[in-house]
J.: 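The structure's right below; bear with me while I get my questions together.
Computed from a predicted model, the values in this text were never measured in an experiment.
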2 protein chains.
Amino acid sequence: MTDTVISSARREVIIGFNRPFVIIGERINPTGRKILAAEMLAGDYSRVESDARAQIEAGAHMLDVNAGIPLADEPAILARAIQLVQSITDVPLSIDSSIVAALEAGLAVYKGKALVNSVTGEEERLEQVLPLVKKYGAAVVAISNDETGISEDPDVRFAVAKRIVERAQDHGIPVCDVVVDPLVMPIGAINQAGVQVMRLVRRLRDELKVNTTCGASNVSFGLPNRDGINSAFLTMAIASGMTSAITNPLHPETVKACMGADVMMGHDPDCARWIRKFREAPPPSADGTASRGRREVGARRRV
Amino acid sequence: MTDTVISSARREVIIGFNRPFVIIGERINPTGRKILAAEMLAGDYSRVESDARAQIEAGAHMLDVNAGIPLADEPAILARAIQLVQSITDVPLSIDSSIVAALEAGLAVYKGKALVNSVTGEEERLEQVLPLVKKYGAAVVAISNDETGISEDPDVRFAVAKRIVERAQDHGIPVCDVVVDPLVMPIGAINQAGVQVMRLVRRLRDELKVNTTCGASNVSFGLPNRDGINSAFLTMAIASGMTSAITNPLHPETVKACMGADVMMGHDPDCARWIRKFREAPPPSADGTASRGRREVGARRRV
């Protein structure tokens, strides 16, 4: 049993084998969001704030913060975004950048124990990121690719993850502070991707004893009804032992799938969180949520 | 790898380890449906017909037919219902009764190879039902309880299933024609029920080499938003190796969960069934389905 403790100044979240699944909200990320990118570049963080509040309201336990804007001063923008988010909420954060200086700027202003997102198995990244993780006493997401790219062979991806975990230990970072991302391939392109990742998650848990995370929505790339595929993936990944995901809590299906999986795994004692969430569902409104409300009332009546 | 072939006069359905999950529609059952019971008793089978059509339209691969009406001539009503359903559709049927004479009456009129639902591990039932299954060349659902009731211990339930499979073999019924129902407990009462049933399904598949089925909705008894729990359960059960379920295909979430799980298991080559189903989603209508329609369009745009 492995617990990864992540914290803000006032709150701890624990990613762990026998605990509820941790949803890390992915929305504060300007990649592919032109308006958000322009606003952050102009020093307007109002959307960062509203995205933070909305994701927590929707069920996120942590938030990922990314400021990847081409040609911008990413370290300064990331640090500012982190300070702002920490000023309005106490959920722990994942500091997300592919630029080492930005990770360091974020870590320098962060209050608590952050999750650094991420390090890969590439030699140069390992030697740059791991010392930072150690210096700030953070935890780190380890992505199982290296100089040769992302292998389609799950055994190779396991070997890369193992190497990162060992290298982290060399730097004084304990196994419990490495959260492995096994990399989820699009199932539309690789039909065996689901079975592969389930087996890989199980091995990472049983053999490496590490917690796991992933960017969940990659699995449905190119398919219609992506929420449906993402929900099936998350439910099965949790059954296989996955303990967190970086995903979009603003999709109600995603949150419901994770909470339902927690119930099925016995990680929601007396189903208390499930009952609280769905007993308090708002009554049918006049807009498009009406049919959903009706169905839930029907479901309660069946009880 | 075990294949259980069920057929009508013109169509085969195969329940198998490396095949799409088989949804057996549960709606043709007067238990708890007073109007349907009264109609069937009065010889009016119009609702049986419409229920049959609606379930197939919604995604059922087989239909369960039950005529359990207190004090009625159940053998005659069940036989009549089966003949009617077979006259309007060619999906294979599961003949469902706790009365042996009704099972026999249903088998006598059934065209094809039926699934008999069910036999338990009770001595008297075994000796009455198994000869019938053999006589008509049918397959049978084996429910893992016996004279001592339903054990909360999954090892005991496994042992009961093993005994039924062995006894079936004594009667000349091959392992591939026994589909075991591991019995799913309400998770609201037994928080470990989900983990237990996943382990049990895995053992039934790996050790007994049998296909499995279940009454899926029992798991959510007493909880709000039952569809959400049922969907999480079915997805996880499929990940553990469950190959069919007797459930309600008129709940779109249930069908979506099973189809999404098929995609994740690699049992929907090129995701062709998923794409066909969700590309052809109807455009938003004026009623409560509008928000759902919009979301799916949005999901397609993301592609």
Side-chain angles (χ1 to χ4, degrees), chain A residues 187-188 191-198 217 219-233 235-240 251 253 256-257 259-271 274-275 277-279 281 284 287-296 299-300 302-303, chain B residues 187-188 191-198 217 219-233 235-240 251 253 256-257 259-271 274-275 277-279 281 284 287-296 299-300 302-303:
Chain A
I187 193 114
N191 283 194
Q192 292 306 307
V195 175
Q196 279 181 4
V197 86
M198 284 187 271
S217 55
V219 72
S220 60
F221 181 80
L223 292 176
N225 196 346
R226 295 188 65 168
D227 286 350
I229 293 292
N230 294 347
S231 298
F233 166 71
T235 306
M236 287 187 156
I238 293 170
S240 305
H251 292 155
E253 274 193 81
K256 188 170 63 175
M259 291 184 70
D262 276 343
V263 169
M264 291 307 305
M265 295 294 284
H267 295 165
D268 182 1
D270 298 325
C271 309
W274 181 269
I275 291 170
K277 169 98 175 172
F278 292 103
R279 275 237 176 106
D287 66 21
T289 61
S291 70
R292 187 178 166 71
R294 273 204 302 275
R295 213 170 49 225
E296 284 172 6
R300 273 204 295 277
R302 271 195 283 163
V303 177
Chain B
I187 193 116
N191 283 193
Q192 291 306 306
V195 175
Q196 278 181 5
V197 86
M198 285 187 270
S217 56
V219 72
S220 60
F221 181 80
L223 292 176
N225 195 346
R226 293 187 66 168
D227 286 350
I229 294 291
N230 294 347
S231 297
F233 166 71
T235 306
M236 287 187 157
I238 293 169
S240 304
H251 292 156
E253 275 193 81
K256 187 170 63 177
M259 291 183 69
D262 276 343
V263 169
M264 291 308 304
M265 295 295 284
H267 295 164
D268 182 1
D270 299 325
C271 309
W274 181 270
I275 291 170
K277 169 98 175 173
F278 293 103
R279 274 233 177 110
D287 67 21
T289 61
S291 70
R292 184 175 170 73
R294 272 202 304 275
R295 212 169 49 225
E296 284 171 4
R300 273 203 297 277
R302 270 196 282 164
V303 175

J.: What distance do A:K256 atom NZ and A:K277 atom NZ have between them, rounded to the nearest 0.5 Å?
T.: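 A:K256 NZ to A:K277 NZ: 10.0 Å, rounded to 0.5 Å.
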J.: I need the A:N225 CG to A:N230 CG distance, nearest 0.5 Å.
T.: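 Here the rounded value is 9.0 Å.
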J.: Can you tell me which portion of A:S231 sits under 4.5 Å from chain B's heavy atoms? Options are side chain, backbone, both or neither.
T.: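 Contact with chain B involves no heavy atom of A:S231 at all.
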J.: As an exercise: rank A:I238, A:V195, A:V263 by heavy-atom pairs under 4.5 Å with chain B and give me the winner.
T.: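 Between A:I238, A:V195, A:V263, the count favours A:V263.
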J.: Flag the one option from B:V197, B:T235, B:D268 with the top tally of heavy-atom pairs under 4.5 Å to chain A.
T.: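 The candidate making the most pairs under 4.5 Å is B:T235.
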J.: Who wins among A:G260, A:A232, A:G194, A:P269 for the most heavy-atom pairs under 4.5 Å with chain B?
T.: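 If we count pairs closer than 4.5 Å to chain B, A:A232 comes out on top.
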J.: Using a 4.5 Å cut-off on heavy atoms from C-beta on, say whether the side chain of B:E253 contacts that of A:E253.
T.: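 Side-chain contact under 4.5 Å: no.
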J.: So how far is it from A:W274 CH2 to B:I229 CD1, rounded to the nearest 0.5 Å?
T.: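 Rounded to the nearest 0.5 Å, the CH2-CD1 separation comes out at 4.0 Å.
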J.: Between B:A257, B:G188, B:S240, B:C271, which residue shows the highest count of heavy-atom pairs closer than 4.5 Å to chain A?
T.: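 Going by pairs under 4.5 Å, I would pick B:C271.
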J.: A:M198 versus chain B, heavy atoms under 4.5 Å apart: side chain, backbone, both or neither?
T.: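 For A:M198, side-chain heavy atoms alone lie under 4.5 Å from chain B.
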J.: Report the option among A:M264, A:Q192, A:M259 that has the most heavy-atom pairs separated by less than 4.5 Å from atoms of chain B.
T.: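 Highest number of heavy-atom pairs under 4.5 Å: A:M264.
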J.: Distance check, rounded to the nearest 0.5 Å: A:S220 atom OG versus A:D227 atom CG?
T.: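 Between A:S220 OG and A:D227 CG, I get 8.0 Å after rounding to 0.5 Å.
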J.: Of the non-hydrogen atoms in A:I275 and A:D270, which two are nearest, and what is the gap between them?
T.: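 In terms of heavy atoms, the two residues are closest at CD1-O, 3.8 Å.
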